[in-house]
Amino acid sequence: MHFFRPARTYCLLLLILLPLQVIAQSPITADLVTDRSFVSPGGEIKLVIEITNPADSGITVERYGGGGYGVNHRQPGPSAKLNIIDGCGQALCPVDASQGFPLPPGSSAQFYWYALSVASDAPAGHVYRVSSMSLKLTGPEFRSINDVHLQRDFVAIVAPDGQGDGATLNALDTTNPKAGSANINATLALNYPDTVRAGRHVEVSGTLHNHGDEPIVGYFILGSDRHLGSHVNAYRQISCRFKCLYHGQFPLEQGESIDVLFRQLYYEDDFLFAGNLNIMGPHAIVTDRLGRNAYVYADDIDINVTHTASNPTPAVYPAIPAREPLVLSTSSDSPSGHVVLDPNTGKHWLPLSVSQGMSFSQVVAETRAGGRFEGYSIASSEEVKTLFLNHNHASQLDYPDYALFGGHRDLHGVTGTLLGLVGETLVDAHAGGTTRYGQGMVADVPEPGGQTVIMGVRQQNNTGSVFGMSGSFSLGSFYFTQYDGMGTWLVKSPARTGTGQALHSKDEVDFRYGQLFIASVDVAGQTYQVSLRVIDKHDLTLELVSIVDEFSREPAAIYDVQSLILQIPRLGYFVFPDDTVYFDVEMVLVPGTDPMQFRVISAVDSPALPI
């Protein structure tokens, strides 16, 4: 017996990272030269900052890469504005033209940053505060230095002739609680094939490991600095948008790690030819407990692309899959009187407008017996993605499936016709504008910090711009469970035989990147949507993340409350780039665990079924 290791899968090599011996280095700091001032109506104050690079920092500051601040929702307040000072032709203007970037260790320099301009009608006594100011600085080889937060905020009081009571001004606290920079000691080790045949797709995964005392609270994005090589334009690089983290969770304490999906590279050139692809400066942007960003760099990615022929040869790509168009039909079980039928899956979809403005829990309640949505369930992201793709394929759109989530002019037509079927969820303020959209919640568990997961369809109709006629599909975590411009994706699956052998699609039981979604688990006659995640790759142990009442699907798995066995007749396991393999799986509940944990005790290859 083997589990999730068929010949078609890639093996993820686990890199054992030894703690690093790091020599303490002093961090780069920045502060305001003046943090308090009076300002007259119609006056202007230039904010001057001083950047200090200690002698033992071990790095040269090459350039300024931008900055941030917080103040009244990014506006300084009534009758004032903040403008960056850029008249010197540089991103940051030095006070002394003979000083400036680069700043080697043991040096410092002062720079003009922002100018606070106050209108002539600014009210006397008004206090302006520019807070949480931070700098993005770059070192050698274009590598970002951990964001530097200024030691103090800036405050100004409007006073006639710019004069006032000094005691009042000095009484204002200008302490910046985020002062300094993140002290994170971490590594990012990436895993990918060194050599790949031209035309083959590549997946880059990795492990983020925390070696330091400071916990890593979260991550912001996975990025890179530069791309080189003959195959730069041959690959479309897809950055992970959802379910990018697996085999671990934040915060990461010392010695802990988490696996990440860094990037997927899809070959798109018209020809196959030999060469290389070099991605320089791959990195993770992570945050400490104060929300300060740190940059964790991995080794450059260097992929050798081989081709057996001596000359380039035409590439051959799969044809557009044959699909039947979606159908809008009348139905007595829909609050709107209409449903959308996907004849390719046999599933019925309610228009988004019927649940618009409802919270997640309100929608779940209405799926119960006697509710407005009885017979329907909240769809998973995979089900909605399948709906999107089936519509695109039926429209004969020659557009890659892997690039679905994003915007493009080629998506203008299909997004418009899909919105005509599933409906729009426009808020009143957006009605009659150039943008049409429909968005709804799905059953998936959001990423850290999110409250729910939403998927959307958007069409832009700005004829005055070359890029104004476009469409987009979206997927991601959302910070609220209720919004006037959002509904819920509700689906009714076709009748099944009630046996596991009837499960054809990965939509019912989807396992990818250490996260398992089961559309319907029978527990003593009641069914639930369940999400679990892998917490131990070696013992194959999964932890319960979410469980939601489910009332319309026949079971895709059964939990025996006596034996504590969770049986999944057909677990669909995603294999990059576009395959799914199936296993018959049994898991046993680990007694006394909270949240509940299940350990895999059996996994047997399940033969493919005819669709």
Side-chain angles (χ1 to χ4, degrees), residues 1-10 243 246 321 342 344-347 377-387 389-390 442-445 491-534 540-542 544-548 550-561 563-589 598-611:
M1 181 201 78
H2 61 278
F3 185 57
F4 304 149
R5 295 184 183 275
R8 286 172 286 178
T9 67
Y10 290 116
K243 294 186 177 180
Y246 51 106
D342 183 351
N344 307 284
T345 61
K347 296 179 179 180
S377 297
I378 300 177
S380 70
S381 62
E382 280 301 306
E383 288 179 298
V384 179
K385 179 181 178 182
T386 299
L387 178 74
L389 292 176
N390 285 345
V442 293
D444 299 55
V445 177
V491 63
K492 178 190 288 186
S493 299
R496 304 192 184 116
T497 65
T499 68
Q501 294 303 312
L503 302 179
H504 288 217
S505 171
K506 65 179 182 298
D507 291 342
E508 285 85 11
V509 184
D510 179 49
F511 183 42
R512 63 184 65 211
Y513 304 115
Q515 302 183 59
L516 173 62
F517 172 82
I518 309 176
S520 179
V521 178
D522 185 298
V523 183
Q526 172 64 55
T527 53
Y528 303 90
Q529 284 186 346
V530 173
S531 294
L532 304 100
R533 65 182 183 86
V534 175
L540 295 175
T541 302
L542 293 87
L544 180 67
V545 177
S546 172
I547 182 168
V548 178
E550 198 282 325
F551 300 96
S552 66
R553 293 182 173 95
E554 290 198 18
I558 297 175
Y559 176 67
D560 190 320
V561 296
S563 65
L564 308 182
I565 298 292
L566 176 62
Q567 182 181 9
I568 309 174
R570 281 180 62 76
L571 186 151
Y573 174 56
F574 170 73
V575 181
F576 178 82
D578 54 11
D579 197 6
T580 302
V581 294
Y582 293 91
F583 297 89
D584 294 337
V585 175
E586 287 188 348
M587 305 181 187
V588 64
L589 176 67
F598 293 85
R599 181 171 53 82
V600 175
I601 58 175
S602 174
V604 180
D605 290 351
S606 181
L609 296 176
I611 301 298

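Bear in mind the structure is a predicted one, so any value in this text is a computation, not a measurement. Values below: every heavy atom of this structure, side chains too, minus hydrogens, waters and symmetry copies.
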First locate atom CZ of F511, then atom CG of L542, and finally report the distance between them rounded to the nearest 0.5 Å. 5.5 Å
Just jot down the side chain to side chain contact (heavy atoms under 4.5 Å, CB included) partners of E586, sequence neighbours excluded, or say none. I565, Q567, I601, S602
May I have all residue pairs that pass side chain to side chain donor-acceptor pair (under 3.5 Å) and include part of residues 516-526, sequence neighbours excluded? S520-E550
Heavy-atom closest pair (F517 atom, S531 atom, distance to 0.1 Å) is CD1-OG, 3.7 Å
With rounding to the nearest 0.5 Å, note down the distance linking CZ in F583 to CD1 in I568. 12.0 Å
Check V491, L389, V442 against V384 for a side-chain contact (heavy atoms from CB on, under 4.5 Å) and give me the one that passes. V442
Hey, could you give me the OH/CG distance between Y582 and L571, rounded to the nearest 0.5 Å? 9.5 Å
Do S380 and Q529 have side chains that get closer than 4.5 Å, going by heavy atoms? no
Which residues pass the salt bridge (Lys or Arg N to Asp or Glu O under 4.0 Å) test with D444, not counting sequence neighbours? K243
Closest non-hydrogen atom pair, I378 against A443: CG2-N, 3.6 Å
Sequence-distant partners of V521, side chain to side chain contact (heavy atoms under 4.5 Å, CB included), two or more places apart: I518, V523, V530, A557, Y559, L566
Which heavy atom of E382 sits nearest to which heavy atom of D510, and what is that distance? CG-OD2, 3.4 Å
Listed partners of D560 passing side chain to side chain contact (heavy atoms under 4.5 Å, CB included), at least two apart: Q562, S563
Side chains of M587 and L516, heavy atoms from C-beta outward: is any pair under 4.5 Å? yes
Walk me through it: do Y528 and V548 pass the test side chain to side chain contact (heavy atoms under 4.5 Å, CB included)? CA-CA 5 Å; Y528 303 90; V548 178; over 6 Å; no
Please test E554 against S493 for side chain to side chain contact (heavy atoms under 4.5 Å, CB included), starting from the C-alpha separation and ending with a verdict. CA-CA 9 Å; E554 290 198 18; S493 299; over 6 Å; no
